[in-house]
Peer 1: 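Once you've had a glance at the structure underneath, I'll fire off some questions.
Start at 1 and go down the list; that is how both ligands and their atoms are numbered.
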Amino acid sequence: MQFVDLVKQYDEYRREIDAAMAQVMNSAQFIMGPQVKELETALAAFTGSRHAIGCASGTDALLLVLMAKGVGPGDEIITTPFTFIATAEVISLLGATPVFVDIEDRTFNIDPALIEKAITPRTKGIVPVSLYGQAADMDAINAIAKKHSLWVMEDACQSFGASYKGGRSCNLSDFATTSFFPSKPLGCYGDGGAIFTNDDAVAEMLRALLNHGQQERYRHSWIGINGRLDTLQAAVLIVKLKHFEGEIRRRNERAAYYTAALSAHVKTPGVPAHNLSVYAQYTIRVKNRGALAEKLKMRGIPTAVHYPVPLHMQMAFSPLGYAKGSLPVSEKVSEEVLSLPMYAQLPQSDQDKVISAIIAALKE
Ligand SMILES: *Cc1c(COP(=O)(O)O)cnc(C)c1O
């Protein structure tokens with residue numbers, strides 16, 4: 001059994017994907033080919049965002065927005081400690097300080113009720129993460145940001161395709177970023193990412209920054225990076241995006257199947273009624289996580305832990321000086337979460353094996 005079987009997905013769309021990739025290779029427009037624009041137009045239409053800007057990865061997407069907003073030494077950016085390191089890594093990389101705010105016990109997303117206490121005169125923006133595929137409480141976060149004149153960037157690297165109160169993730173705040181890493185809900189065949197905004201001026205700057213700050217050929221307005229999206233990846237994504245609504249539905253069907261069978265035995269994902277998750281992960285919570293994972297492994301069931309160490313407890317962030325116990329919900333959750341196999345093509349027979357293995361292991 002596989003945790004995510006990307007070959008099964010390729011098999012489903014093989015003819016279309018092979019043709020799209022061959023078209024790029026026959027044109028040899030590997031960098032900034034027309035497929036990049038075509039994808040951007042489709043991504044903007046899908047999310048309702050005015051600008052969708054393809055870039056090289058989710059990490060670059062986060063970095064580029066911070067660069068465009070001029071984030072640097074002395075600035076503080078509020079974010080969650082319960083996420084992949086990239087969210088906070090880019091803040092530190094620019095010499096600014098990530099300020100970690102604890103999460104909600106139910107959704108694992110940043111707790112809006114704790115944000116205001118963390119705001120100081122140095123705070124420039126808030127970076128909530130829409131973890132495991134469901135949007136953070138963006139209305140509450142946007143309201144706090146507005147009151148304090150801060151910008152908001154949704155790290156939607158796991159939530160492309162999710163909905164929140166009728167709006168689409170990636171179009172819920174000033175800026176949003178997503179990742180097309182192969183195992184993300186919408187994945188390409190290498191690295192890829194995108195930035196979303198309704199701000200015309202920042203969008204223009206972002207387009208330059210991801211191409212060495214260049215607006216006209218060899219005329220560089222700003223210091224930028226090589227953060228372009230490959231044409232080949234754009235071609236793959238154009239095909240996959242056409243099938244993505246169906247994949248969201250199938251992921252939700254699989255999540256509902258797990259929840260119906262498991263909710264009497266373990267804590268299943270908490271998704272408020274105003275959210276539609278894309279289930280980047282289907283993550284349960286158990287007290288004896290290590291023992292359960294080991295027993296499942298012995299029965300041939302792959303699992304994963306997202307994430308075993310919250311960022312404020314990572315060695316890389318030890319200079320920030322957070323004490324153990326300072327962000328108790330994140331610390332507790334990091335010891336209890338366990339992600340189960342989840343992808344649109346996941347066979348029901350695999351799910352049945354996962355379910356019966358969990359129930360049997362918990363009885364031992
Ligand atoms: C995957 C991920 C990223 C980084 O995306 P890459 O495309 O791998 O650079 C950032 N933030 C979160 C929450 C992610 O899950």
Peer 1: State the atoms of ligand 1, each with its element, that fall below the 4.0 Å cut-off from a heavy-atom position in T87.
Peer 2: 11 (N)
Peer 1: Show the atoms of ligand 1 that are less than 4.0 angstrom away from any heavy atom in V129.
Peer 2: 13 (C)
Peer 1: Give the C-alpha distance, both sets of side-chain angles, the deciding distance and a yes or no for ring-ring contact (aromatic ring centres under 6.0 Å, His included) between Y132 and Y279.
Peer 2: CA-CA 6 Å; Y132 299 159; Y279 290 98; 9.7 Å; no
Peer 1: Numbering the atoms of ligand 1 from 1, which are under 4.0 Å from a heavy atom of S57?
Peer 2: 7 (O), 9 (O)
Peer 1: Looking only at protein heavy atoms, which one is nearest to atom 7 (O) of ligand 1, and what is the separation?
Peer 2: S179 OG, 2.6 Å
Peer 1: What do you reckon, is CZ of R14 surrounded by more than 12 foreign heavy atoms closer than 6.0 Å?
Peer 2: yes
Peer 1: Suppose we measure from atom 11 (N) of ligand 1 to each protein heavy atom; which comes out shortest, and what is that distance?
Peer 2: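 The closest heavy atom on the protein side is D155 OD2, 2.8 Å.
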Peer 1: Heavy atoms, side chains only, cut-off 4.5 Å: are N198 and F196 in contact?
Peer 2: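 Side chain of N198 against side chain of F196, heavy atoms only: no contact under 4.5 Å found.
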Peer 1: Quick one: nearest non-hydrogen protein atom to atom 9 (O) of ligand 1, plus distance?
Peer 2: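 Minimum-distance protein heavy atom for atom 9 (O) of ligand 1 reads T59 OG1, 2.5 Å.
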Peer 1: Regarding ligand 1, does K184 bring an N or O atom to under 3.5 Å of one of the ligand's N or O atoms?
Peer 2: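 In this structure, K184 places an N or O atom under 3.5 Å from an N or O of ligand 1.
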Peer 1: Quick one: CE on M153 to CG on L64, what's the gap to the nearest 0.5 Å?
Peer 2: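 Between M153 CE and L64 CG, I get 10.0 Å after rounding to 0.5 Å.
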Peer 1: Does atom NZ (K165) have a neighbourhood of more than 12 heavy atoms from anything else shown, all under 6.0 Å?
Peer 2: yes
Peer 1: Do Y13 and D18 have side-chain atoms, one donor and one acceptor, less than 3.5 Å apart?
Peer 2: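 No - no donor-acceptor pair under 3.5 Å links their side chains.
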Peer 1: Note the single closest protein heavy atom to atom 12 (C) of ligand 1, along with its residue, its atom name and the distance in Å.
Peer 2: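 For atom 12 (C) of ligand 1, the nearest protein heavy atom is C157 CB, 3.4 Å.
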Peer 1: Select one of side chain, backbone, both or neither to describe which atoms of A86 lie under 4.0 Å from any atom of ligand 1, heavy atoms only.
Peer 2: side chain
